[in-house]
Colleague: 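Submitted below is the structure of interest, expressed as structure tokens.
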Amino acid sequence: MAFKFLQNHPSLALILVLLFTHKIVYTAFAASGGRMGGSSFSSSESKPSSISSTHYHRHHDYHYDNPRYGHGYNDEPKNESKSDEGTTWVLVLPATLFGVFLLVVYLDRASVLKIQVGLSGEAHSLQRELTKLAGAVDTSEKEGLHFILTESAVALLRHSNFWISGYSSVERRWSLEAVEKEFKQLSAQEREKYDIESLVNVDNIKMQRSCIPNKNKLGKDYLVVTILVAIKGAPSLPVIRSTEDLRKALNYLNSISSKKNLAVEVLWSPQDTNDTLSEDELLENYPLLRPI
């Protein structure tokens with residue numbers, strides 16, 4: 001009956017055919033990507049400073065009569081003393097406040113760490129492990145984010161025989177707002193490389209989409225895993241020139257205290273074990289990766 005209906009409405013049949021073929025063409029060459037993680041920036045805001053109240057009390061501690069200037073003394077020395085005290089405070093207070101300001105800013109430093117690993121496309125067990133992890137962890141809790149970080153780092157260490165390239169970077173910022181902005185920018189840059197995010201679990205918002213894998217039968221295929229971490233402090237990561245450098249960087253991620261974590265994201269492509277990432281796509285989308 002539906003076939004006869006379409007025969008009587010050829011224009012509708014043509015539209016359906018075009019939509020269907022467009023869907024097939026689009027998804028056939030789609031690079032799938034997985035993403036899991038979340039952030040706790042809002043719960044890590046600094047407490048208001050009490051500098052102004054301290055300044056108020058210190059200023060009033062000096063409002064007393066000096067017995068040195070009693071009877072028999074004229075008013076000139078007293079005025080000179082007050083003038084000296086005022087000059088001292090004019091010089092000391094700004095320097096003190098500026099020093100406290102620098103200390104607060106120094107302690108408020110934070111950084112965004114990025115480690116990217118290129119692997120042989122034969123590392124299907126790693127893809128399955130990351131997919132399973134994304135489906136099981138509560139990413140709305142700080143403990144869940146720390147679990148994702150450590151488990152992903154350890155999973156990569158277990159698959160060291162598949163490593164082919166690596167990259168690391170540290171972006172240091174002087175405020176949590178700047179760190180949050182940098183973290184989101186780096187995340188967006190990685191996500192733009194995917195045609196479709198086939199699996200997502202971010203801040204416990206979960207989504208899964210199906211796609212038709214792009215099977216590369218003409219050459220080698222690859223897998224890229226990216227770990228982004230925002231943490232308090234200003235740590236350093238080794239420049240990735242060898243497998244030993246990459247091992248040290250991943251071990252450092254595994255040692256980060258959960259108290260320092262501000263945000264974590266793990267992104268990998270392809271997410272689907274039947275999907276592929278060609279050598280041309282690897283070189284075009286991940287130019288910072290260096291062979292190890």
Side-chain angles (χ1 to χ4, degrees), residues 32-40 111-170 183 186-187 190 197-204 206 222-233 235-273 277 286 288-292:
S32 63
R35 175 174 166 244
M36 59 180 167
S39 66
S40 58
S111 308
V112 180
L113 314 183
K114 176 180 177 179
I115 293 182
Q116 199 163 65
V117 185
L119 304 99
S120 164
E122 297 176 358
H124 298 304
S125 57
L126 176 59
Q127 288 173 292
R128 288 190 289 267
E129 197 167 337
L130 294 176
T131 296
K132 184 177 180 181
L133 183 62
V137 178
D138 181 356
T139 54
S140 65
E141 299 291 337
K142 202 164 186 177
E143 292 77 8
L145 297 179
H146 187 253
F147 186 74
I148 282 177
L149 173 62
T150 56
E151 287 300 304
S152 298
V154 170
L156 281 166
L157 287 167
R158 282 198 296 262
H159 290 80
S160 59
N161 54 314
F162 295 103
W163 295 350
I164 61 167
S165 56
Y167 171 76
S168 68
S169 68
V170 179
F183 183 86
L186 290 176
S187 174
E190 294 304 316
E197 286 185 332
S198 49
L199 180 64
V200 176
N201 180 2
V202 176
D203 291 321
N204 219 35
K206 300 180 181 181
Y222 301 91
L223 167 67
V224 176
V225 180
T226 305
I227 301 179
L228 301 175
V229 191
I231 66 170
K232 298 175 183 177
S236 298
L237 287 176
V239 177
I240 308 301
R241 297 190 181 95
S242 65
T243 56
E244 187 59 29
D245 292 331
L246 182 53
R247 195 180 305 277
K248 288 179 180 178
L250 291 172
N251 278 322
Y252 176 77
L253 294 188
N254 192 40
S255 68
I256 294 176
S257 168
S258 61
K259 295 180 180 179
K260 291 186 176 182
N261 278 355
L262 298 171
V264 175
E265 272 196 19
V266 178
L267 308 98
W268 70 102
S269 180
Q271 181 270 321
D272 193 305
T273 54
L277 181 70
Y286 303 95
L288 296 176
L289 286 173
R290 292 293 176 264
I292 55 176

Colleague: Grab the two heavy atoms, one from S269 and one from S32, that are nearest each other, plus how far apart they are.
Modeller: OG-O, 2.8 Å

Colleague: Just wondering, do L113 and P235 contact through their side chains at under 4.5 Å, heavy atoms?
Modeller: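 A side-chain contact under 4.5 Å exists here.
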
Colleague: Test of understanding: with side chain to side chain contact (heavy atoms under 4.5 Å, CB included), list the residues that count as partners of E143, not counting sequence neighbours.
Modeller: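 In terms of side chain to side chain contact (heavy atoms under 4.5 Å, CB included), with neighbours along the sequence ignored, E143 is linked to E141.
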
Colleague: Taking the side chain as every heavy atom from C-beta outward, state whether N251 and L157 have any atom pair closer than 4.5 Å.
Modeller: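 A side-chain contact under 4.5 Å exists here.
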
Colleague: Apply side-chain contact (heavy atoms from CB on, under 4.5 Å) to the pair V154 and L250, showing each step before the final yes or no.
Modeller: CA-CA 8 Å; V154 170; L250 291 172; over 6 Å; no

Colleague: What's the separation between atom CG in L253 and atom CG in L149, rounded to the nearest 0.5 Å?
Modeller: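 Taking CG in L253 and CG in L149, the distance rounds to 5.5 Å.
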
Colleague: Once side chain to side chain donor-acceptor pair (under 3.5 Å) is applied, do any residues pair with S165, and if so which ones, sequence neighbours excluded?
Modeller: none

Colleague: Could you report the tightest heavy-atom contact between I231 and Y252, atom names first, then the distance?
Modeller: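 Where I231 meets Y252 most closely, the heavy atoms are CD1-OH, 3.9 Å.
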
Colleague: I'd like to know whether K232 forms a side-chain contact (heavy atoms from CB on, under 4.5 Å) with L262, so could you lay out the CA-CA distance, the side-chain angles of the two residues, the decisive distance to 0.1 Å, and finally the verdict.
Modeller: CA-CA 7 Å; K232 298 175 183 177; L262 298 171; 3.8 Å; yes

Colleague: Give the C-alpha distance, both sets of side-chain angles, the deciding distance and a yes or no for side-chain contact (heavy atoms from CB on, under 4.5 Å) between S187 and R35.
Modeller: CA-CA 10 Å; S187 174; R35 175 174 166 244; 3.9 Å; yes

Colleague: When rounded to the nearest 0.5 angstrom, what distance separates CG in L288 from OG in S169?
Modeller: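 Spacing of CG (L288) from OG (S169) equals 8.0 Å.
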
Colleague: Does K206 have more than 12 heavy atoms from other residues, nucleotides or ligands lying within 6.0 Å of its NZ?
Modeller: yes

Colleague: For L223 and L126, what are the C-alpha separation, side-chain angles and deciding distance, and is it a side-chain contact (heavy atoms from CB on, under 4.5 Å)?
Modeller: CA-CA 9 Å; L223 167 67; L126 176 59; 3.9 Å; yes

Colleague: Quick one: pull up CZ in R290 and CG in D245 and give me the separation to the nearest 0.5 Å.
Modeller: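 Here the rounded value is 14.0 Å.
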
Colleague: Taking C-beta and beyond as the side chain, do F147 and L133 meet within less than 4.5 Å on heavy atoms?
Modeller: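 Side-chain contact under 4.5 Å: yes.
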
Colleague: Atom CG of N261 and atom CD1 of I256: how far apart are they, to the nearest 0.5 Å?
Modeller: 6.0 Å

Colleague: Could you list the residues that satisfy side chain to side chain donor-acceptor pair (under 3.5 Å) with S152, not counting sequence neighbours?
Modeller: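 Expected list: none.
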
Colleague: Would you check if V117 and I240 make a side-chain contact, meaning some heavy-atom pair closer than 4.5 Å?
Modeller: no

Colleague: Taking side chain as C-beta onward, heavy atoms only, is Y222 less than 4.5 Å from L119?
Modeller: no

Colleague: Evaluate the side-chain proximity of V266 to T226: yes if any heavy-atom separation is below 4.5 Å, no if none is.
Modeller: no

Colleague: Please list all pairs meeting side-chain hydrogen bond (donor to acceptor under 3.5 Å, both in side chains) that have one or both residues in residues 117-137, counting only residues at least two apart or in different chains.
Modeller: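 Checked against side-chain hydrogen bond (donor to acceptor under 3.5 Å, both in side chains) - neighbours excluded - the pairs reaching residues 117-137 are H124-Q127, S125-H159, E129-R158, T131-Q271.
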
Colleague: Under 3.5 Å, is there a donor-acceptor pair between the side chain of S168 and the main chain of I115?
Modeller: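 No; judged by distance alone, with no hydrogens or angles, the pair does not exist.
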
Colleague: Do the side chain of T139 and the main chain of G38 share a donor and acceptor less than 3.5 angstrom apart?
Modeller: no

Colleague: Does some side-chain heavy atom of L289 sit less than 4.5 Å from a side-chain heavy atom of V224?
Modeller: yes

Colleague: State the NE2-NZ distance between H146 and K260, to the nearest 0.5 angstrom.
Modeller: 11.0 Å

Colleague: Applying side chain to side chain donor-acceptor pair (under 3.5 Å), can you list everything that pairs with D138, at least two apart in sequence or on another chain?
Modeller: S140, N204

Colleague: Taking the basic N atoms (NZ, or NE/NH1/NH2) and the acidic carboxylate oxygens, is any pair closer than 4.0 Å for E190 and K114?
Modeller: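 Yes.
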
Colleague: Quick one: CG on L156 to CZ on R247, what's the gap to the nearest 0.5 Å?
Modeller: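 Taking CG in L156 and CZ in R247, the distance rounds to 11.5 Å.
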
Colleague: Taking only residues two or more places apart in sequence, or in another chain, which ones meet A134 in a side chain to side chain contact (heavy atoms under 4.5 Å, CB included)?
Modeller: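 Side chain to side chain contact (heavy atoms under 4.5 Å, CB included) check on A134 returns M36, L199, W268.
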
Colleague: Between I292 and W163, what is the shortest heavy-atom contact and its length?
Modeller: CD1-CB, 4.0 Å

Colleague: How close do S111 and V170 get, heavy atom to heavy atom, and via which atoms?
Modeller: CB-CG1, 4.1 Å

